[in-house]
Amino acid sequence: MADPVVHFEISGSDPARLRGYYGELFGWAFQLGDAATEAVSRPGEYGSLRAGINGGVCGGQGYPSRVLFYVGVPDVEAALQRAERLGGTRLMGPEPRLGGDFAVGHFTDPEGNLVGVAGPAVA
């Protein structure tokens with residue numbers, strides 16, 4: 001594959017709150033430090049995270065323009081409920097894939113960033 005996606009960032013006005021939110025939601029652990037440049041983040045507020053990334057380009061007429069990443073979860077409904085309990089807002093889902101083998105959902109985090117979750121379809 002040429003030019004793979006190698007990094008993602010979630011940015012907001014309260015990065016400590018976002019790290020706490022995603023840490024509790026997905027079990028992510030962050031290593032605090034500095035960003036590559038102060039144009040990206042306040043010094044000492046960059047929380048690095050290692051996560052595998054897959055991707056796609058999609059949409060069409062009537063679909064919103066956006067950048068979105070999906071996190072793999074064992075239960076989409078449970079993840080959406082947890083996202084809401086922690087201060088996020090459910091926007092969609094769970095929506096099963098045609099054929100029914102997995103489902104997706106969308107929510108916004110407390111700062112309004114759009115996030116997707118994907119996992120097995122639950123009957």
Side-chain angles (χ1 to χ4, degrees):
M1 172 177 180
D3 298 336
V5 175
V6 297
H7 190 74
F8 70 89
E9 292 177 333
I10 303 166
S11 183
S13 62
D14 190 346
R17 180 179 180 207
L18 286 173
R19 286 190 301 273
Y21 179 82
Y22 286 104
E24 188 170 338
L25 180 60
F26 296 127
W28 290 352
F30 299 90
Q31 177 71 37
L32 279 181
D34 295 332
T37 172
E38 286 185 35
V40 171
S41 182
R42 214 170 38 226
E45 287 290 334
Y46 197 92
S48 296
L49 169 71
R50 297 253 186 244
I53 297 176
N54 210 352
V57 177
C58 59
Q61 189 171 25
Y63 289 84
S65 296
R66 64 177 178 236
V67 174
L68 172 64
F69 68 92
Y70 285 87
V71 176
V73 296
D75 184 327
V76 172
E77 175 61 28
L80 292 169
Q81 288 178 10
R82 198 166 50 253
E84 291 174 309
R85 187 180 75 251
L86 295 169
T89 302
R90 182 192 306 233
L91 300 179
M92 180 192 84
E95 293 289 329
R97 175 182 141 155
L98 297 176
D101 58 348
F102 75 90
V104 298
H106 293 169
F107 66 93
T108 55
D109 69 18
E111 296 250 354
N113 296 302
L114 180 63
V115 180
V117 287
V122 178

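We count residues from 1, following the sequence as given. The figures that follow rest on heavy atoms only: side chains count, while hydrogens, waters and symmetry mates do not.
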Indicate the atoms forming the closest heavy-atom contact of [X] with [Y], along with that distance.
X	Y	result
F30	R19	CE1-O, 3.4 Å
V76	G105	CG1-N, 3.9 Å
P110	R17	CB-NH2, 3.2 Å
E77	P94	OE1-CD, 3.0 Å

Any [X] side-chain heavy atom under 4.5 Å of [Y] side chain:
X	Y	answer
F69	I10	yes
M92	V104	yes
V73	F26	yes

Quiz item: Is there a donor-acceptor pair closer than 3.5 Å between any side-chain N or O of Y70 and the backbone N or O of H106?
Solution: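 Absent.
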Quiz item: Would you find a donor on one side and an acceptor on the other, under 3.5 Å apart, between the side chain of E111 and the backbone of D14?
Solution: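 Indeed, once roles are kept as given, a pair shorter than 3.5 Å links the two residues.
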Self-check item: Over 12 non-hydrogen atoms of neighbours within 6.0 angstrom of CD in E84
Solution: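 Atom CD in E84 is crowded, with more than 12 foreign heavy atoms closer than 6.0 Å.
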Exercise. Check the hydrophobic clustering (I, L, V, M, F, W, Y; side-chain heavy atoms under 4.5 Å; chains of links allowed) and say if L68 and F102 are grouped together.
Key: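 Same cluster: L68 reaches F102 through Ile, Leu, Val, Met, Phe, Trp or Tyr contacts under 4.5 Å.
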Practice problem: Is it possible for you to say whether L86 and L49 belong to one hydrophobic cluster, with membership spreading through side-chain heavy-atom contacts below 4.5 Å? | Solution: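 L86 clusters together with L49.
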Roughly how far, to the nearest 0.5 Å, is [atom2] of [Y] from [atom1] of [X]?
X	Y	atom1	atom2	answer
D109	L18	CG	CG	5.0 Å
R42	D34	CZ	CG	11.5 Å
F107	T89	CZ	OG1	10.0 Å

Exercise. Check the angle between the aromatic planes of Y22 and W28 and answer parallel, tilted or perpendicular using the 30° and 60° thresholds.
Key: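 Parallel, since the angle between the ring planes stays under 30°.
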Quiz prompt | Worked check of salt bridge (Lys or Arg N to Asp or Glu O under 4.0 Å) between R82 and E24 | solution = CA-CA 9 Å; R82 198 166 50 253; E24 188 170 338; over 6 Å; no
